[in-house]
Amino acid sequence: MNEAIRAVTETTADQFMADTKALGCLEPDVQPRATDNIAEMIAIIQTLIANKHAYVADGEVLFSVTSMPDYGRLSNRTLDEQQAGARVAVEAHKRNPGDFVLWKLSSADEPGWDSPWGRGRPGWHIECSAMSNRYLGETFDIHGGGLDLIFPHHENEIAQSRCAFGHDVMANVWMHNGFLQVEGEKMSKSLGNFITISELLETKNFGSNKWHGYVVRLAMLRSNYRQPIDWTVDALVEMRKALFNWTTNAIGFEPTKVSEDVLEALSDDLNTAAAVAVIHNLNRAAANRTNAEACAEMSATLRFLGIWNGERPDDIFSYGYDVQSGPSDADVAPLITDRLAARAVKNWSESDRIRDELVAMGIQLKDAKDPATGELTTTWEVKR
RNA sequence: GGCCUCGUGGCGGAAUGGCUACGCAGAGGACUGCAAAUCCUUGUAUGGGGGUUCGAUUCCCUCCGAGGCCUCCA
């Protein structure tokens with residue numbers, strides 16, 4: 001049974017690691033498993049019982065919330081308010097309805113571990129107190145998580161750790177991220193709008209396109225982590241275009257210093273949206289690659305944020321586009337030559353006819369003049 | 001039912017007790033034979049109603065709307 005559980009979590013963890021890596025996330029230093037920390041959990045539970053913060057009843061070990069005067073501080077709830085609106089009958093063995101399980105006995109066919117209270121399993125929450133203590137210490141700096149976990153999970157985690165170790169805080173800062181929505185609706189399997197990171201990267205299931213990991217990452221950085229993210233095709237299109245323009249200004253410039261304003265924005269509660277605004281300003285300052293200092297700063301800042309590493313802008317923009325199905329240079333070049341000849345003699349109707357023909361093939365032309373010689377040039381790309 | 005969080009222009013999205021960033025779209029202009037791309041300029045917003053204040057989008061109350069949590073498990 002314990003092995004079967006491990007096999008399931010292994011698969012999920014591997015997918016998670018692959019996805020976050022594709023988005024440019026660094027690999028965590030430590031990725032502890034609850035099942036590898038049973039002894040540590042038992043030790044904390046024993047301490048809590050000894051400190052009178054926990055008690056044994058009906059074979060369970062329960063945490064006594066009333067033993068902690070400021071229980072509920074994180075979620076801004078009081079025990080009284082919780083009780084007043086409770087919809088579910090209180091279990092008789094609990095001294096207070098808010099008391100929660102630290103250890104629960106297992107039947108023979110349930111997974112379990114030996115403990116001073118018999119073969120059983122830990123309650124939810126205690127694994128986090130045990131593992132954070134083991135790897136980060138009795139108190140630490142930042143604790144993250146989804147905002148749906150604020151109550152009861154994080155509240156109970158705090159109660160366990162503080163009462164076991166005797167500190168006023170567990171973590172100095174709590175960062176809770178908002179929920180993900182898709183095109184204005186919550187993402188759920190029943191609504192059929194469920195999309196995974198690997199699907200965004202590897203399939204055309206969302207917006208009939210594959211999306212480069214940099215674009216996906218940038219679309220997430222666009223809003224504050226605390227707010228809900230509405231995941232839309234429009235946002236990806238917009239960010240893909242922005243990244244194309246930014247990298248066009250940055251490519252070829254050695255990264256120098258990261259933008260001070262970006263660092264300042266990130267230092268203010270990880271204000272990534274403000275950082276993106278700074279980059280838009282930096283992009284304007286780059287002035288079409290004429291401001292070398294701004295371009296070098298762009299180069300450094302994009303790399304710092306993990307949304308670029310020197311790739312050709314078009315490789316990011318055209319990521320996932322099936323080049324083989326489109327026209328080739330051999331198809332297009334003769335038509336461009338003909339059109340340049342027509343333009344040279346001001347035969348505009350023929351020139352436009354050829355351009356329309358190419359548009360029908362899905363080709364977008366871009367005319368330019370060589371700044372040095374004044375010679376007319378034309379480049380093309382597949383219209384997207 | 002109780003509690004928590006949130007409500008900013010056409011759209012996305014920051015910030016703030018006193019000129020409301022930034023982007024997209026829109027409008028005007030430059031460039032171009034005309035386009036495309038690029039660049040410049042520019043209009044538009046703090047859900048409704050009260051209150052505190054010299055002044056409220058920001059603080060308080062209330063209503064409306066959205067999301068979350070409230071048994072076990074994660």
Seminar exercise, completed: When both distances are under 3.5 Å in a Watson-Crick or G-U wobble arrangement, the nucleotide paired with B/C69 is B/G2

With rounding to the closest Å, how many angstrom separate the [atom1] atoms on [N] and [M]?
| N | M | atom1 | answer |
| --- | --- | --- | --- |
| B/C59 | B/G18 | P | 11 Å |
| B/U58 | B/A36 | C1' | 45 Å |
| B/G17 | B/G9 | C1' | 23 Å |
| B/G43 | B/C3 | P | 45 Å |

Exercise. Centroid-to-centroid, A/His125 to A/His154, below 6.0 Å?
Worked result: no

Taking the minimum atom-to-atom distance to the side chain of [X], which one of [options] wins?
| X | options | value |
| --- | --- | --- |
| A/Trp348 | B/G33, B/C73, B/C70 | B/G33 |
| A/Lys104 | B/C34, B/C72, B/C70 | B/C72 |
| A/Gln227 | B/A74, B/A14, B/U71 | B/A14 |
| A/Asn76 | B/C4, B/U71, B/G67 | B/C4 |
| A/Gln364 | B/C39, B/A36, B/U38 | B/A36 |
| A/Glu238 | B/G67, B/U71, B/G23 | B/G23 |

Whole-Å gap separating [atom2] ([N]) and [atom1] ([X]):
| X | N | atom1 | atom2 | answer |
| --- | --- | --- | --- | --- |
| A/Asp352 | B/A36 | CG | C1' | 12 Å |
| A/Ile354 | B/A35 | CD1 | P | 19 Å |
| A/Lys241 | B/C11 | NZ | P | 24 Å |
| A/Ile126 | B/C73 | CD1 | C1' | 16 Å |
| A/His154 | B/A74 | NE2 | P | 14 Å |

For this session: Enumerate the residues from residues 287-301 of chain A whose closest heavy atom to RNA chain B is under 4.0 Å, giving them by residue number; use none for an empty result.
Result: A/Asn288

Check nucleotides 26-32 of chain B against the protein and report each pair of N or O atoms closer than 3.5 Å, with its distance, or say if there are none.
none

Counting the atoms with a prime plus P, OP1 and OP2 as sugar-phosphate, which does [X] contact under 4.0 Å by heavy atoms, base, sugar-phosphate, or nothing?
| X | result |
| --- | --- |
| A/Arg339 | base |
| A/Asp148 | sugar-phosphate |
| A/Gln181 | nothing |
| A/Thr232 | nothing |

Exercise. What are the two closest non-hydrogen atoms of A/Ile45 and A/Leu102, and how far apart are they?
Worked result: CD1-O, 3.5 Å

Can you pull every protein N or O that's under 3.5 Å from an N or O on nucleotides 15-22 of chain B?
| residue | atom | partner | partner atom | Å |
| --- | --- | --- | --- | --- |
| B/A15 | OP1 | A/Asn271 | ND2 | 3.4 |

For this session: Give the ring-plane orientation class for A/His143 versus A/Trp174, where under 30° counts as parallel, over 60° as perpendicular and anything between as tilted.
Result: parallel

Exercise. What orientation do A/His153 and A/Trp124 show, parallel under 30°, tilted 30 to 60°, or perpendicular over 60°?
Worked result: parallel

